[in-house]
Amino acid sequence: MMENWEKDPALYSQAGSFRQIMEIIPHEDGKIQGLCYYKDRTPYLKLNLEHGAHVQLHVKEKVFFLKEKQRGIYECTLPLSPGFYPAKILINGVLTICPYLGITLEDNRPKVTGRTEPCLVYTPPGYEKSGGEYPVLYLQHGNGENERSWIWNGKINFLMDNLLEEKKAVPMVIVMANGMTVLEKEERYRLQKALFTEQLVKDIIPYIEGKYRVKKDRKFRAMAGLSMGSKQTSIAVINYTELFAWAGLFSGFMDDFLDDYYNEHLKKLVREKDSFNRDMCLFFRGIGTEDEGLCYFYENDKFCEKYGIRTYRKLYKGGHDWNVWRQTAFDFLQMVFQIKE
């Protein structure tokens, strides 16, 4: 049964999210299911299932076993830091959609190019009435996700609204497109992640600039992304420095360490390092201290030091997950477009 759900990851698009509670909120009602808290504020998961079931909760590489505390009542504590975690529930070895876990986006299948593609656009409060033009940030998701991830998982709309209310960020338009680009070849669709750069420049940017009131000067155009999206960002901003003056790499890598043929842009960066350093307002690089790709991030550090590439880098507590990506976005949004005109 394990092989089946691994081959069809779209089945388990679920997640758990919990916070650090300040007050004691014990859940002692036997009818309550889902995420609960003990009196000492420890979070735990409680489900009401058939007697004698074998229940597992998978949170990334960790596995928690729910024990039957009472007949049909299963529980397990969650010794995790507050935050967002992709999760899977297996009952007797069968992957089961659980109504008590939130729905998220993980490992969605790539869409097909050559047809109308979806694109989400965030506009700041007052956009409809202002009549003015705004800076624009092109914000990309990671591998296996799609254009909805930064909304449902990253909560970027709420994050941006709060920063604007506190006057900590510049009002901007945020564009989120599907980066899982594919090509049809020999009657099969093949993933071509690097193709997204061409799609961005030829299709997405012209569409946004024709549809929305955004500034067209490079100093008011930025791109950022997480994981796979960071590689796409690196490729785009280095190959098209005339288009972008701001870049954010979240859990970010300047090169694609899995596919070397994506790395021609780094040769261009070395050749044009002086103009890149002069013209880029911000080249932001951030990653979690427990990220499995941290060694590659350090390799990029050495690359930047060797060739004198100016970057802003920051390490965050956490792994390759949304708990880190939300923090990187929080910092980046307060830095991007901070220009004294």
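Because the structure is predicted, anything quoted here is derived from the model rather than measured. Any value given below was found using the heavy atoms of this structure, including those in side chains, with hydrogens, waters and symmetry copies removed.
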Donor-acceptor pair, side chain of [X] and main chain of [Y], under 3.5 angstrom:
X      : Y      : value
Lys273 : Gly308 : no
Asn92  : His54  : yes
Trp246 : Phe220 : no
Ser234 : Met254 : yes
Tyr74  : Ala53  : yes
Arg313 : Arg285 : no
Glu68  : Gly52  : yes
Ser251 : Ser227 : no

Taking all non-hydrogen atoms of both residues into account, name the closest pair between [X] and [Y] and its distance.
X      : Y      : value
Asn178 : Glu147 : CB-OE1, 3.3 Å
Arg326 : Leu159 : O-CD2, 4.0 Å
Ala222 : Val336 : CB-CG2, 3.7 Å
Glu145 : Leu226 : OE1-CD1, 4.3 Å
Ile204 : Ala177 : CD1-CB, 3.6 Å
Cys76  : Leu66  : SG-CD1, 3.5 Å

Query raised in the report: Does Lys69 NZ have over 12 foreign heavy atoms under 6.0 Å away?
Result: no
| query | Step by step, would you call Asp161 with Tyr122 a side-chain hydrogen bond (donor to acceptor under 3.5 Å, both in side chains)? | reply | CA-CA 10 Å; Asp161 284 348; Tyr122 165 92; 2.7 Å; yes
